Enquirer: 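What follows is a structure written as structure tokens; I'll ask about it next.
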Amino acid sequence: MNGVNVKVLDSVRAFVGREHGLVIDGQERPSSSGERFDVLNPATGEHLATVASGTAQDVDLAVAAARRALPVWQGLSPARRSELLWNLGARIAELSEEFAQLDVLDNGKPVFECNVVDVPLTTGLFQYYAGWVTKLDGDTITPAGGSPFHVYTRREPVGVVGAIIPWNFPLLMCGYKLGPALAAGNTVVLKPAEQTPLSALRLMQVIAEVGIPPGVVNLVTGFGPSAGAPLAHHRDVDKITFTGENATGQKILEAAKSNMKRISLELGGKSPSLVFADADLDAAVNGTFGAVYWNQGQCCIAGARVFVERSVHDEFLARLSAKVSEVKLGNGLDPETTMGPLVSAEQQDRVLELIGSGIASGATAVVGGGRPSRPDLQNGFFVEPTVFTDVRADMRIMKEEIFGPVAMVGTFDTEEEALALANDTSFGLASGVWTTNVKRTHRVAAALNAGVVWVNTYGMFDPAIPYGGFKMSGFGKELGREALDAYLQTKTVWVDVS
Ligand code: NAI
Ligand code: MG
């Protein structure tokens with residue numbers, strides 16, 4: 001929190017420094033083991049907060065509270081539940097500066113990113129889903145056999161939802177999960193990432209303040225094995241919604257089979273950006289920059305495998321490299337900062353190791369390629385924004401999710417080759433296409449094997465637009481009406497009216 005341009009709100013300072021317990025049934029309580037853990041500021045490496053470390057016993061209590069709250073939440077009229085979700089979104093907007101600072105302190109990202117995406121999109125999500133609460137209708141269906149039955153469907157909540165979220169968008173991920181889960185009438189046990197629990201803790205206060213009944217949302221802070229895994233294994237949890245690493249997603253799938261939990265998995269990616277020679281090159285450079293470096297590259301959708309048509313490759317590479325060279329690393333609370341630190345020393349190590357493997361396997365870092373040398377950045381978890389050329393498909397940097405500020409720029413000669421390169425991955429989350437050719441746009445959009453295709457833009461999100469991956473990137477859409485479907489189950493009612 002030091003540095004000339006860095007100002008922290010008094011309210012944020014006070015909140016960060018308070019005792020942080022678990023929140024179960026509306027009550028704040030210590031972990032049943034009494035254990036706590038430290039949360040660091042990634043920009044400085046300094047201690048930021050001390051948070052309760054939840055255990056399996058705490059998960060039991062939280063799940064029981066969520067179960068008891070189900071009839072309470074479902075007993076409110078849809079109009080009232082809608083109003084509560086709308087008001088939650090509105091209150092987050094009022095507190096936007098506070099929420100933005102909490103996520104910057106916890107995660108490191110530059111504050112402008114919170115102001116343009118994380119906080120307003122969280123508000124938008126709660127308010128979009130508020131609109132759905134009064135519109136969750138079933139169907140009346142005529143049996144094909146023409147028998148004397150009146151048949152209708154009811155769309156019912158699945159029940160108790162466990163939400164396990166990562167650290168890259170701490171507040172926003174709460175909104176992704178809570179918005180549709182609560183709108184559908186479920187109650188929730190939320191497990192934020194151990195690196196970034198603060199905005200979720202503050203959100204719990206706001207949830208209570210707007211009048212959402214105790215137990216409807218419960219918060220268990222803590223680590224994956226000790227708090228996340230018991231939630232994923234719990235036999236009284238009806239659904240798990242998870243965002244994070246593939247290996248963790250596989251563990252959650254395994255855990256879910258005990259009681260056939262419903263599952264939504266939003267996992268990693270290795271998304272391609274295709275730049276055709278007919279593209280608006282300025283737009284392609286700016287858009288690709290955002291696709292790779294937003295949030296320090298810690299985005300599951302990062303479009304970091306960049307393939308450029310040969311005739312414009314050199315110019316594109318020169319312009320992208322120039323833009324990356326202008327990045328100003330620093331504390332995310334400093335308004336001058338355009339890129340912050342990575343979230344943790346562990347993440348910094350992972351990314352530096354992968355960058356090193358790229359160099360060792362023959363890729364050329366035309367910009368960056370290591371740790372920044374600036375003295376004021378040595379205690380934070382910084383990595384230089386990096387641009388690689390001379391990349392080959394067999395390199396680890398072309399296959400593994402890096403989750404750091406690293407672009408790999410390659411070339412192609414034909415559309416067919418571009419598509420083959422783009423689809424040569426076990427992931428299928430997102431993709432970007434830069435072209436002014438309308439026919440090519442739709443041909444390529446259909447041929448890309450990914451859950452999202454952005455054309456002449458990248459990383460656009462909206463509460464109403466479904467989002468989610470193909471292949472190893474997971475299943476179960478988020479956002480939009482489709483996300484609601486993942487938190488509802490259909491009951492069919494047959495009535496003999498003869
Ligand atoms: P992770 O998937 O291990 O952690 C995400 C969440 O899962 C956290 O809340 C964590 O406590 C919880 N968790 C961990 N192990 C668990 C278990 N066995 N059972 C239940 N919950 C568990 O991700 P991590 O280790 O923080 O990051 C590692 C890599 O994962 C990153 O380098 C990145 O490549 C990828 N990742 C992808 C994200 C995405 O948005 N798709 C988000 C975060 C990480
Ligand atoms: Mg992990």
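These numbers come from the heavy atoms of this one structure, side chains and all, not from hydrogens, waters or symmetry mates. Counting starts at 1 for both ligands and their atoms, following the listed order. Sequential numbering from 1 along the given sequence is applied to the chain's residues. The shown structure was predicted, so the numbers you read here are calculated from the model rather than taken from an experiment.
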Enquirer: If the condition is salt bridge (charged side-chain N to carboxylate O under 4.0 Å, His left out), which residues does D424 pass it with, not counting sequence neighbours?
Expert: none
Enquirer: Does the Lys NZ or Arg CZ of K477 fall within the cation-pi geometry relative to Y467 - under 6.0 Å from the ring centre and within 45° of the axis?
Expert: no
Enquirer: Any idea which atoms of ligand 1 are less than 4.0 Å away from a heavy-atom of T248?
Expert: 1 (P), 2 (O), 3 (O), 13 (N), 14 (C), 15 (N), 16 (C), 17 (C), 22 (C)
Enquirer: Just need the protein heavy atom nearest to atom 29 (C) of ligand 1, so name the residue and atom and give the distance.
Expert: R350 NH2, 3.5 Å
Enquirer: Any donor-acceptor pair under 3.5 Å linking the side-chain atoms of S33 with those of T55?
Expert: no
Enquirer: Check A232 against ligand 1 and report side chain, backbone, both or neither, counting heavy atoms closer than 4.0 Å.
Expert: neither
Enquirer: With atoms numbered from 1 as shown, which atoms in ligand 1 lie under 4.0 angstrom from a non-hydrogen atom of K251?
Expert: 18 (N)
Enquirer: Should the pair Y458 and W454 be assigned to parallel (<30°), tilted (30 to 60°) or perpendicular (>60°) ring geometry?
Expert: tilted
Enquirer: Side chains of residues 61-70: which donor-acceptor partners sit under 3.5 Å, not counting sequence neighbours?
Expert:
unit_1	atom_1	unit_2	atom_2	d
R67	NE	D236	OD1	3.4
R67	NE	D236	OD2	3.1
R67	NH2	D236	O	2.8
R67	NH2	D236	OD1	3.2
R67	NH2	D238	OD2	2.8
R68	NH2	D25	OD2	2.8

Enquirer: Would you say T241 and K177 are linked by a side-chain donor-acceptor pair, where the criterion is simply a distance under 3.5 Å?
Expert: yes
Enquirer: Would you mind checking which non-hydrogen protein atom is closest to atom 27 (O) of ligand 1, with the distance to 0.1 Å?
Expert: W167 NE1, 3.9 Å
Enquirer: With atoms numbered from 1 as shown, which atoms in ligand 1 lie under 4.0 angstrom from a non-hydrogen atom of I165?
Expert: 6 (C), 8 (C), 9 (O)
Enquirer: Relative to atom 35 (C) of ligand 1, which among E400, Q195, E401 owns the nearest non-hydrogen atom?
Expert: E401
Enquirer: Can you check which of N246, I240, L267 brings a heavy atom nearest to atom 41 (N) of ligand 1?
Expert: L267
Enquirer: Could you check whether S426 and K270, counting side-chain N and O atoms only, form a donor-acceptor pair closer than 3.5 Å?
Expert: no
Enquirer: Would you mind checking which non-hydrogen protein atom is closest to atom 37 (C) of ligand 1, with the distance to 0.1 Å?
Expert: F403 CZ, 3.4 Å
Enquirer: Counting C-beta onward and ignoring hydrogens, is there a side-chain heavy-atom pair between V324 and V387 closer than 4.5 Å?
Expert: yes
Enquirer: What protein heavy atom lies closest to atom 12 (C) of ligand 1? Include the residue and the distance to one decimal.
Expert: I164 CG2, 3.6 Å
Enquirer: Is N168 in polar range of ligand 1, meaning some N or O pair under 3.5 Å apart?
Expert: yes
Enquirer: Measuring from atom 10 (C) of ligand 1, which candidate in E245, E194, K270 has the nearest non-hydrogen atom?
Expert: E194
Enquirer: Would you mind running through ligand 1 and noting each atom that sits below 4.0 Å from a heavy atom of Q347?
Expert: 31 (C), 32 (O)
Enquirer: Does ligand 1 have an atom under 4.0 Å from some heavy atom of F169?
Expert: no
Enquirer: Quick check: G224 and ligand 1, any N/O pair under 3.5 Å apart?
Expert: yes
Enquirer: With heavy atoms of G228 as the reference, note each atom of ligand 1 found under 4.0 Å away.
Expert: 19 (N), 20 (C), 21 (N)
Enquirer: Would you tell me whether D60 and H234 have side-chain atoms, one donor and one acceptor, within less than 3.5 Å of each other?
Expert: yes
Enquirer: Provide the number and element of each atom of ligand 1 under 4.0 Å from a heavy atom of P166.
Expert: 42 (C), 43 (C)
Enquirer: How about F99 and D103: do any of their side-chain heavy atoms sit closer than 4.5 Å?
Expert: no
Enquirer: Which ligand 1 atoms does C300 reach within 4.0 Å, using its non-hydrogen atoms?
Expert: 39 (C), 40 (O), 41 (N)
Enquirer: Any heavy-atom pair between the side chains of Q296 and V383 that's under 4.5 Å?
Expert: no
Enquirer: Assess, by modelled atom type and distance only, whether the side chains of N107 and K109 contain a donor and an acceptor separated by less than 3.5 Å.
Expert: no
Enquirer: Number the atoms of ligand 1 from 1 as they appear, then name those within less than 4.0 Å of a heavy atom of P192, with their elements.
Expert: 9 (O)
Enquirer: Any non-hydrogen protein atom below 4.0 Å of atom 4 (O) of ligand 1?
Expert: no
